[in-house]
Amino acid sequence: MTSNSGSSQRFVRFAALLLASALVLPQPTAARPAPAKAATGKVDPTNWLYQGSDVPHDKEWVFGILPNGLRYAVRKNGVPPGQVSVRVLVDAGSMYETDAQRGYAHLIEHLTFRDSKYLKAGEAIPTWQKLGATFGSDTNAETSATQTVYKLDVPEVDANKLDETFKLLSGMITAPIFTPVGVKTEVPIVLAEMRERTGPQSRVIDGTRGLFFTGQPLATRSPIGTVDTLNAATPETIKAFHDKWYRPDNTVIIVAGDAEPAQMVAQIANWFGGWKKVGKKPPQPDFGKPVRPAGADPANPVGETRVLVEPDLPRLFNYAILRPWTQVDDTIAYNQGLMIDRLGLALINRRLEAKARGTASFLAASVEQQDVSRSADTTLITVTPLGDDWKSAVHDVRAVIADALATPPSPEEIEREVAEFDVAFKVPVETQETLAGSKLADDIANAVDIRETVANPDTVYDIFQKSKPLFTPKAVFEHTRALFQGAVIRGVLITPKASDGTEADVKAALTAPVDAASGSRISANTLKFSDLPPIGQPGTVASAAPAGLLGIERIELSNGVKALLWHNAAEPGRIILRVRFGGGYAAIDPKDAVYGSMGEMALMDSGFGKLGRDELDRLATGRKLSLDFDIDDTDFVMSADTRPADLADQLYLFAGKLGMPRWDANPILRARAAAKLGYEATNASPQSVLARDAGWLLKNGDPRYAQPNPAELDKVTPEGFRRVWEPLLAQGPIEVDMFGDFNRDEAVAALQKTFGALPKRPDAVPPKLSPTIPAHNVEPLTLTHHGDANTAAAMVAWPTGGGRGGVRESRQLELLTQIFNIRLFDEMREKIGASYAPQVNSVWPTDLPSGGYIAATVQLRPQDLPAFFAAADKIAADLSANPPTADEIARVTEPMKQLITRASTGNGFYMYQLQGGALEPGKFDDIRSILSDYSTTTPERMQALASRYLVRDRSWHLQVVPQKK
């Protein structure tokens, strides 16, 4: 059962990367090795998704089946207003291909956007843009092992636009045009996409998948395909795959949006009802099942193992316990069993996290359950060793698991996890009115793919509440033991050194006997906020006045703390909270730059008062509380997304961090170890080097923005951390911004007791930042990467400006960069297939007087670097010399207008635009023109900006090339 709340996502972690995800509510009271078989028989067209299920139907969805077999699900939804989200799911992915067709499912996705019945070659992207849909976010498609999904979010829909949308989409899906020119153009683009995604991480994912699913199609069926099969593709062979699998009885259309269901059903019937199915629907391919190799011990069936050597990646040990996947009836009992499974895993993960926070041999470890691509029901264990000794790390994690398999958990431990589940399921109930149509449509697509149902948040929470008597120590214990049994266990070591171990060592690590870890269980007692000391003497309200926009109120407390409060009902049950204080990067001494990044990783974990991180976790049990921390140019920022019931306690947590900071050493040491482990991975590909170094290089090499290297990290100490951060926490003004569903008087009272109780603070140190991008260079600055020899990356940047005084110009510059992006996309992707996704963006720091820039970035082959630099220079020169066309203007202004219009229906938009507005009231003036600034311009205005900023002898060039072996 997929919850329409999205509150119970489960993720597969292959090599600590996300491979796949399915939004499902937790699994079975029936024993896991023998799940209930799926029902068969005639399908009711009005509830086809719920065949064999007793889960209450989500009545907001209207289901049906057209006479040609096409299934649909439609729903009225007004978030955001005026938008309609369409998903077309074809039940065919990479595992439906033959060996000769590898990559075809994904290639068809590309070709569908290139040429079709109503959209001729090159028309699709511009057409959708002029309809207000941004390419890549509003208009996209995804191909997985099991399905291909076309995604379209169309804004400001009326009857005519809805009709046009379905007309164009029907031509793409039912009648794409495969031509030799189209194939010849698109294959190089797919190969560019392959190159840009190839590197150590992708090799680890492929290698791990190949091991875990040995003997099954999933082992070798990456959706991207192979160079040979893609180069061999012809219009005829591609059409053969399309004709076989793209048929109405293998397709589902999902629509959620601001239109009447009958209107949406009529459009589906009108434009897809005439789609004819030819012949009998082909049977689903056999995805196989995991098989235990001969000779494996049935009690601990360790089978195939592998060692993957990647010099630029940290050590990681993954192993999977695999069981055959079986389609089941998605019943209430099945989901109750899933909940018990999740409880067992949550208990183990909490114990592993607590051990890792101490002096463990591993930096992190986790256990997950996932049904993967209808190929296996798996329990996945991931271990990140703290150092070279991966064997001890694996042993220690197995010992924690062994303890969970030896003795039932205590009722108190279960009660704590049930409280966490309660808030996870209750929050979506409280916030369900804010759920976007795009998310609802995606949930149905996921449910169809994993062969389960959907339920609204009320249903999910009701099932959970009624299931609580089932959550006994005995039941959790039995389900936990079942989760660690299977047909076969397979393990992989990812290591930078071949000398670290062999496949036999991996097998030995998984077969060696382990004793249950003594002391792995953690205290289950809870803490209460009522037990904590007050922050200080509560303050009073010194002044309160309307801000002059949307009912937002500006408040100042007696100690100088300022606040913006906006109570509104736009998003019921949700409150966005931001606390800005101090001086940000500008206040950090450059010689202490390394402690900036350490602060982002460890400051909140170091606790406050008498509470360490473990105590904070207990305090937060059953609550929606956050401890997020970031550093901006001139502010430090604590942020949370909370709910009305937890607002006062969330404010206490943040104020406590400022008023009663604690300086535990272990979070700093752990963050240092994590940063050192992760640094080498940044050398693994050109894009990772670019991501690591471009930002601080564009600030003229300011070390405060750099990712510290291992030598710098070696100098980090807990004492040094406190020396740097203690004064930073104590200085500078505080602003609290609170937007959402709260009671104004209760919020003010909570502010008085928390932030109002802090002592008056000295002013922040005046900013010492005035960044500029490096001076013009004829020859690019060259960095190197350790990855594949046929990959490179590059950037061209032009300086612009900064400061709030130029904010309106900065918005126009974003339109200019999008026009630049269209042209660069056409030049590098469409014409020569050198790059999959070139990007142009504009940065304009409003809190600094300088440091803005326009940057064009690209990933490509080393031999294509000259073509990129030439294209960037040519486009910049042409934009400076000639105004863009009216068509180009329309392609960027309409999507931007729709983006702003949709975003402005949520509190997050206003929080982003106005944060800091209590200290800088001018931000309220800035926002008044935002829609016109982003959606209205002229060709002459664009040319003038290009002439001013895209100056060749001010540009700065950077390239990342393969390191010579």
Side-chain angles (χ1 to χ4, degrees), residues 125-126 129 135 694 697-698 700 771-781 794-803 805-832 834-835 837-845 849-858 860 864-896 932-959:
I125 294 173
Q129 286 174 327
F135 180 68
L697 289 172
L698 284 166
N700 215 16
T772 57
I773 79 168
H776 172 64
N777 55 352
V778 177
E779 292 297 323
L781 172 66
M795 169 185 284
V796 181
W798 296 264
T800 54
V807 68
R808 299 193 68 178
E809 182 156 294
S810 75
R811 295 165 181 168
Q812 291 281 293
L813 278 174
E814 290 195 40
L815 296 177
L816 176 65
T817 60
Q818 290 182 41
I819 294 172
F820 199 135
N821 200 102
I822 288 172
R823 295 189 181 187
L824 188 65
F825 185 93
D826 184 64
E827 192 72 29
M828 299 304 298
R829 172 173 161 146
E830 296 298 307
K831 289 183 179 177
I832 64 175
S835 177
Q839 297 289 328
V840 187
N841 69 300
S842 175
V843 172
W844 185 285
S850 61
Y853 57 84
I854 292 172
T857 58
V858 70
L860 69 186
D864 293 324
L865 285 166
F868 164 68
F869 289 122
D873 286 344
K874 174 186 172 185
I875 294 168
D878 187 66
L879 286 170
S880 299
N882 303 292
T885 67
D887 184 71
E888 288 177 307
I889 297 287
R891 288 179 63 183
V892 300
T893 53
E894 186 61 24
M896 186 59 76
S932 61
D933 290 343
Y934 274 125
S935 62
T936 305
T937 193
T938 64
E940 293 73 24
R941 177 65 171 149
M942 293 291 96
Q943 182 186 3
L945 287 174
S947 299
R948 180 177 178 184
Y949 292 116
L950 298 178
V951 180
R952 185 184 179 107
D953 62 8
R954 296 179 65 200
S955 61
W956 179 71
H957 300 72
L958 169 68
Q959 62 184 15

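Keep in mind that this is a model prediction, so the values were computed, not measured.
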List the steps and the verdict of side-chain contact (heavy atoms from CB on, under 4.5 Å) for L815 and R941. CA-CA 10 Å; L815 296 177; R941 177 65 171 149; over 6 Å; no
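- Closest non-hydrogen pair, P838 versus L824, comes out as CB-CD2, 3.8 Å.
- Note that the CD atom of E814 and the CD1 atom of I854 stand 10.0 Å from one another [nearest 0.5 Å].
- In this structure, V892 and E888 have side chains that are not in contact, with every pair of non-hydrogen atoms separated by 4.5 Å or more.
- Sorted by first then second residue, the ring pair (Phe, Tyr, Trp, His ring centres under 6.0 Å) pairs that include residues 865-892, not counting sequence neighbours, are F869-H957.
- What you find for P845 and G801 is that their closest heavy atoms are CD-O, 3.6 Å.
- Proximity of Y853 to M795: side-chain heavy atoms (C-beta onward) are nowhere separated by under 4.5 Å.
- Between L945 and L950, every side-chain heavy-atom pair lies at or beyond the 4.5 Å cut-off.
- Summarising the local packing, CD of E940 is surrounded by more than 12 heavy atoms from other residues, nucleotides or ligands at distances under 6.0 Å.
- Atoms CG and OG, from L879 and S947 in turn, are 9.0 Å apart once rounded to the nearest 0.5 Å.
- Contact between L860 and A834 at its shortest, heavy atoms only, is CB-O, 3.4 Å.
- Remark: side-chain polar atoms of T800 are paired, donor with acceptor, to backbone N or O of G852 under 3.5 angstrom.
- For the pair I822/D826, no side-chain contact is recorded, criterion being any heavy-atom separation below 4.5 Å from C-beta on.
- In this structure a side-chain-to-backbone donor-acceptor pair under 3.5 Å is present from S850 to P771.
- Across all their heavy atoms, P884 and I819 have their closest contact at CG-CD1, 4.0 Å.
- Between atom CG of residue N841 and atom OG1 of residue T817 there is a gap of 7.0 Å, rounded to the nearest 0.5 Å.
- A distance-only check finds no donor-acceptor pair linking the side chain of H776 to the backbone of W956 [under 3.5 Å].
- Scored by the ring pair (Phe, Tyr, Trp, His ring centres under 6.0 Å) test, F820 finds W798 as partners (sequence neighbours excluded).
- Qualifying ring pair (Phe, Tyr, Trp, His ring centres under 6.0 Å) partners for F825, counting only residues two or more places apart in sequence or in other chains: F135.
- Under a 3.5 Å cut-off, the side chain of Q943 and the backbone N or O of A881 do form a donor-acceptor pair.
- In this structure, R811 and W844 have side chains that are not in contact, with every pair of non-hydrogen atoms separated by 4.5 Å or more.
- Inter-residue side-chain proximity for P939 and I889 is flagged as met; some heavy-atom pair is nearer than 4.5 Å.
- To the nearest 0.5 Å, atoms OG1 (T772) and CG (L698) are separated by 10.5 Å.
- Under a 3.5 Å cut-off, the side chain of S880 and the backbone N or O of A946 do form a donor-acceptor pair.
- At a threshold of 4.5 Å between non-hydrogen side-chain atoms, the residues I125 and R891 count as touching.
- Looking at Q818 and V840, their side chains never come closer than 4.5 Å, going by heavy atoms from C-beta outward.
- Minimum heavy-atom separation, A872 to V796: CB-CG2, 4.1 Å.
- Of all the heavy atoms in Q812 and T936, the pair that sits closest is NE2-O, 3.0 Å.
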